[in-house]
Amino acid sequence: MNLVRMQLAAGDHAIDARVARTDEQRALGLMHRVELGPNEGMLFMCDEAAVQNFWMKDTPVALSIAFLEEDGTILHLDDLEPFSLESCSSEHAVRYILEVPHGWFAEHGIRKGDRITGPVFAVTA
């Protein structure tokens, strides 16, 4: 699937994110990908805010996931293991979810409460 790319950042750290906007794109996500570049990721953009659940069925690469507020603030972080059927939940209603290579957030000192920036996130005064 040829997805639009969007440049995001976590502090001074750039993320080259593929954007999954449609139901089909979000359902496929990063399934069947055997590798992900060190600063690559996928931003899932949902139509409505809701509690989001993710799993790793058919996904051979380990990932870390961030559930994001409208302004890009990280509400919840988790690590996901390849092929796991265990569900990971946002715990709160969100529209944006970012997946990156496993351990990326920890390696860059990114924690809950930090903010991901990019053109899709609402700017608050």
Between Pro60 and Arg33, the two heavy atoms sitting closest are CG-O, 3.0 Å
Query raised in the report: Below 4.5 Å, heavy atoms only, C-beta onward: do Cys88 and Ile65 meet side chain to side chain?
Result: yes
Strictly below 4.0 Å, N to O, side chains only: are Arg95 and Glu70 in salt-bridge contact? yes
Rounded to the nearest 0.5 Å, the CG atom of Asp47 sits from the OG1 atom of Thr22 at a distance of 9.0 Å
>> Between Asp16 and Gln7, is there a side-chain heavy-atom distance shorter than 4.5 Å?
In response: yes
Rounded to the nearest 0.5 Å, the OG atom of Ser84 sits from the CG atom of Leu63 at a distance of 11.5 Å
For Pro101 and Gly37 the tightest heavy-atom approach is CG-O, 3.2 Å
**Message:** Quick check: is Leu75 connected to Met42 through a chain of hydrophobic side chains (ILVMFWY, heavy atoms under 4.5 Å apart)?
**Reply:** yes
Taking the side chain as every heavy atom from C-beta outward, state whether Leu8 and Ile116 have any atom pair closer than 4.5 Å.
-> yes
Ignoring hydrogens and angles, tell me if any N or O in the side chain of Arg26 forms a donor-acceptor pair with the backbone of Arg21 under 3.5 Å.
-> yes
Here the pair of heavy atoms bringing Phe105 nearest to Ala66 is CZ-CB, 3.6 Å
Donor-acceptor contact below 3.5 Å, side chain Glu40 vs main chain Ile15: no
What one should report as the nearest heavy-atom pair of Asp114 and Arg111 is OD2-N, 2.8 Å
Taking C-beta and beyond as the side chain, do Val120 and Met6 meet within less than 4.5 Å on heavy atoms? yes
Less than 4.5 Å apart, side chain to side chain, heavy atoms only: is that true for Thr59 and His32? no
Exercise for the section: Measure from the side-chain N and O atoms of Glu81 to the backbone N and O of Asp79, and report whether any donor-acceptor pair falls under 3.5 Å. Expected result: no
Ring centres under 6.0 Å, that's the criterion: do Tyr96 and Phe67 meet it?
no
**Q.** Expected output: side-chain Ser90 to main-chain Ala93 donor-acceptor under 3.5 Å
**A.** no
Check your understanding: Are Glu99 and Arg18 close enough for a salt bridge, meaning some N to O gap below 4.0 Å?
Key -> no
Review point. In terms of hydrophobic clusters joined by side-chain contacts under 4.5 Å, are Ile97 and Leu30 together?
Key: yes
One should read off an interatomic distance between Arg115 CZ and Ile74 CD1, to the nearest 0.5 angstrom, of 11.0 Å
Would you check if the side chain of Trp104 reaches a backbone N or O of Pro38 as a donor-acceptor pair within less than 3.5 Å? yes
Between Ile110 and His13, is there a side-chain heavy-atom distance shorter than 4.5 Å? yes
Hey, quick one: are Leu68 and Val100 part of the same hydrophobic cluster, counting side-chain heavy atoms closer than 4.5 Å, chains of contacts allowed?
yes
- Quick one: does Glu35's side chain get under 4.5 Å of Val61's, heavy atoms only? no
* **Cys46 vs Gln52 side-chain heavy atoms within contact, under 4.5 Å** => yes
Handout entry: Side-chain (Ser64) to main-chain (Gly103) donor-acceptor, under 3.5 angstrom
Key = yes
Smallest heavy-atom separation, Leu80 atom then His102 atom, equals O-CD2, 3.9 Å
> Between Phe44 and Leu77, is there a shared hydrophobic cluster once you connect ILVMFWY residues whose side-chain heavy atoms come closer than 4.5 Å?
Replying inline: no
